[in-house]
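Beneath this line is the structure, given in structure tokens, with notes to follow.
Computed from heavy atoms alone, side chains included, the values below leave out hydrogens, waters and symmetry copies. Computed from a predicted model, the values in this text were never measured in an experiment. Numbered from 1 within each chain, the chains take letters A, B, ... in sequence-line order.
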Amino acid sequence: MDVQATVEECLELWRNPYPQLARLREEGERPVAFFCSYTPEEILHAAGLTPVRLMGAVRTITHADAHLQPYCCSLARTDLDMALAGELGFLEGEVFVQTCDTMMRLSDIWRRNAGLSFHGDLVLPIRMGEEISLPFIVEEVRRFRKQVESFIGREIWDDAIEESMHVYNRNRRLAERLYGLRRENPGILDGLSATACLVAGFWMRRDKHNELLHELVEELGKGRISQEERVPLLVSGSVCTMPDLPELLLELGADMVDDDLCCGHRYFDAFADESVSPEEALAKRMWERVNCPAKHQCIEDRAERLMRQVGDCGAKGVVFYLQSFCEPHLFDIPYLRGRLQEELGVPSLVLESELQSFSRGQLRTRLQAFIETIRGV
Amino acid sequence: MSSDGNADARAADKERRRIKSTEAMRDLMVKYYTEAKAAEGTDKHIAWITSGAPVEPLIAFDVIPVYPENHGAMCGAAHMNVELCEAAEARGFSRDLCSYARGDIGSALTKGGPIGGLPRPTFLIACNNICNTVFKWYEELSRFFGVPLFIYDTPFVRGELPAHIADYSLRQMKEYISFLEKTTNKEYDEQHFVEVAAKSLFASGLWAEVLACNQHRPAPMTCFDAFIMMAPIVTLRGTQEVVDFYQGLLAEMRERVEQGIGILPSERYRVLWDNIPVWYELRNLGRLFLELETCLVADTYTSAWTFEDVDPSDPLGSMSKIYAEVYLNINLERMADKIESLAARFDVDGMIMHSNRSCKPYSLGQYDLAKEFTRRTGKPTLVIEADHTDSRWYNRAEVETRIRDFVENLLGGGVGL
Ligand code: SF4
Ligand code: SF4
């Protein structure tokens, strides 16, 4: 495998996945959009649908303002805008998961104004990881399975879901291997390339993505690609709609050596137990996986986890990359920054992204100043 | 008649129309805050609690409930919330977070506000049936005060309440009771709980009747009055004092209805209000509506504390259902049903929606609700932009012009959108 060529393809996909999604449809696949990493993709996959993730787009809002106030995150606004503008016609449906208040309302707004043939809702508790909520999630997954079944007009067999769980578990293992390799051999693959190869999986069938990751991991295992010294940083936040942030880090002599992103490290955490019923397995996985900030912190304190990650990957600084107006993330910032600084002496920077007024220049200036301070230390 | 005589007549008329129970309410609230403040540092338990959370268990366990949201409204009305927000912002809390949360964190940090801050909690109760902001906010409080937090988790309800949500809620209600047994070192007394629950429901029934008096023309109060009068039902339902207070208020309202005493000297238009009040603007907006002879006769906010469908033989079960299905925890279609029914019951000419930058669950979806409202009722709507307690986001001139325009051109003509 030509690592460079694969990375280039994935990067192109990351910059604009939409033409590829339209192609998927032409090739006979049935793409269904999802937004949140708590989506039980395995059920969609087992139903013969292809779950694809929408992570917003850099664009001027023309339609969504009639339905959403400007004080909500640009993921919600730009995704809805694309849907209302009729640019997502290649999709067969969409799945909403209850995470934040914005998503909860967006589901209704989307269904009423831009709904496609299938509209799925998965309601989740905020108390993850506590005995009391598990039976509720199992039932909710069962209900979701029924929604999908009624859409495709037939049952989804247990063994089909088991096969899909196997595919997704393999994907998680490969992703973990990729991150492991990078940790063990710093410089073997930069954060931009690694993340590109990971997020590319949102826009193709998981089976295909497994092949890609498998070859990548094999190739990387063969030898160390030496690279110049870079300032190691960890990036924490929700999703990176565009590759600009890790790209700029490279340009400025730094690298994202690990992340706490919903399109990165948090996406592939925890496995589905292939020895119990599909509903239980899928419910249990989301229940015990690393918590998203939109969930109550009962599993583990986010600061503890972040500090451990920083220690493991040797990051010299943390960049928080958030969507403007994103309450779950914004609330945690003072606490996380405080502990990083007080206990580890690790400085951090908060950057907010608004896709409808995205400015690469501004991002660059702020990153540059931050990296220079770290270098000075 | 001399101009003095005119002034006298005006003053007499004003006095006739003034709601007399206001004093009783003020006394009740002052007593409540004084007692709560005095309890700080004693062995009495104080719990900070969100406005949508079940408070009855606290009352039954003799815990003093303290409501940061009510305090936030008070700070907002006293024009003191901005400086509290700024204190939180200086600590790194974004200006885009709910201003109740920011103000409260700021007040915890600085002891600022009209009453010198709230008494320190011994534990915290948060219920996300009003928003998901509250549990993040209370997580922060829990770290700040180093006290335990109980989360009563209410998943979003679309359509009918599904059995697995009802079941999850009931299990948590029981867990809540055990949590209280542990933290207060007292045993659960079902008999006593049923009494408290019965009082709470009785008071909420009285409150519903008070609000219903506004179905009459002229309306005996505006929802600006209701915003103030609802403080006891939010903070102290379940106690006898609250029952007494609402009995008094109801009697006064009925008398006004009988004697035809309206809150406005003249009521030309009747309007439905949506969302939390703009607390720092109550006075100015009140004046404007008076001048426009427009009465805000009902709203979606104060009616959130009117409970229905209670089975006395199953207090925990019915309570858990009620708290799962509050106005902000249901889908847009169910919300549209509610505003449609309010519009019909209160015979309104239109609706004004406060698009509240602080509160996403209340505000996102309003544009769609506005359209749906007009489609169903044929009445016009206006959406104004503001923030419930952060006046830095408020443009008075613009909002007032828009309201004036709405009343004069749309309500007058009765033209739909
Ligand atoms: S970015 Fe934040 S506000 Fe936007 S959908 Fe995600 S959690 Fe919600
Ligand atoms: S105003 Fe809205 S966001 Fe703020 S605490 Fe209340 S319900 Fe939550």
Residue part contacting chain B, namely of A:A294, when any heavy atom lies under 4.5 Å: backbone
A:D108 CG to B:E333 CD distance, which is reported to the nearest 0.5 Å: 5.5 Å
Check against side-chain contact (heavy atoms from CB on, under 4.5 Å), B:K371 and A:H67: CA-CA 10 Å; B:K371 260 186 244 142; A:H67 302 275; 3.5 Å; yes
Segment of A:R127 engaging chain B (4.5 angstrom heavy-atom cut-off): both
Residue A:R337 versus chain B: region with a heavy atom under 4.5 Å: neither
Short side-chain to backbone donor-acceptor contact, B:D153 and A:I126, under 3.5 Å: yes
Separation between CD1 of B:I151 and NE2 of A:H296, rounded to the nearest 0.5 Å: 4.0 Å
Distance in Å, B:N132 CG paired with A:Q98 CD, rounded so as to fall on 0.5 Å steps: 6.0 Å
Min side-chain heavy-atom separation A:Y71-B:D96 under 4.5 Å: no
Under-4.0 Å salt bridge between A:E131 and B:R171: no
Euclidean distance, B:L364 CG relative to A:C100 SG, rounded to 0.5 Å: 9.0 Å
Among B:E140, B:R91, B:Q172, residue most engaged with chain A (heavy-atom pairs, under 4.5 Å): B:Q172
Pairing of B:E139 and A:R302 as salt bridge, 4.0 angstrom limit: no
Distance, nearest 0.5 Å, that separates CZ of A:F331 from OH of B:Y138: 11.0 Å
Closest-packed option against chain B by number of heavy-atom pairs under 4.5 Å, given A:L124, A:I333, A:D332: A:D332
Heavy-atom contact with chain A under 4.5 Å, split by part of B:I165: both
Heavy-atom proximity to chain B below 4.5 Å, by part of A:Q69: both
Presence of salt bridge, B:K360 and A:E327, under 4.0 angstrom: yes
A:V123 to B:P155 - nearest heavy-atom pair and separation: CG1-CB, 3.5 Å
Option in A:L330, A:D121, A:I132 with maximal non-hydrogen atom pairs under 4.5 Å from chain B: A:I132
Which portion of B:F135 sits near chain A, non-hydrogen atoms under 4.5 angstrom: side chain
Beyond-backbone contact of B:H164 with A:P135, side-chain heavy atoms, under 4.5 angstrom: no
Pi-cation contact, A:F325 with B:R95 (under 6.0 Å, within 45°): no
Contacting moiety of B:Y168, where chain A heavy atoms sit under 4.5 Å: side chain
Heavy atoms from other residues, nucleotides or ligands near NZ of B:K174 exceed 12 (cutoff 6.0 Å): no
Greater than 12 external heavy atoms within 6.0 Å of B:E181's CD: yes
Nearest-0.5 Å distance, CG of residue A:D101 to CZ of residue B:F156: 9.5 Å
pair A:F136-B:D167: side-chain heavy atoms closer than 4.5 Å: no
Interchain contact, B:I330 with chain A, by part (heavy-atom threshold 4.5 Å): backbone
Leading residue by heavy atom contact count with chain A [cutoff under 4.5 Å; candidates B:P162, B:S363, B:A126]: B:S363
Heavy-atom proximity to chain B below 4.5 Å, by part of A:T99: backbone
Donor-acceptor under 3.5 Å (A:R105 side chain, B:P361 main chain): yes
Under 4.5 Å from any heavy atom of chain B - which part of A:E352: side chain
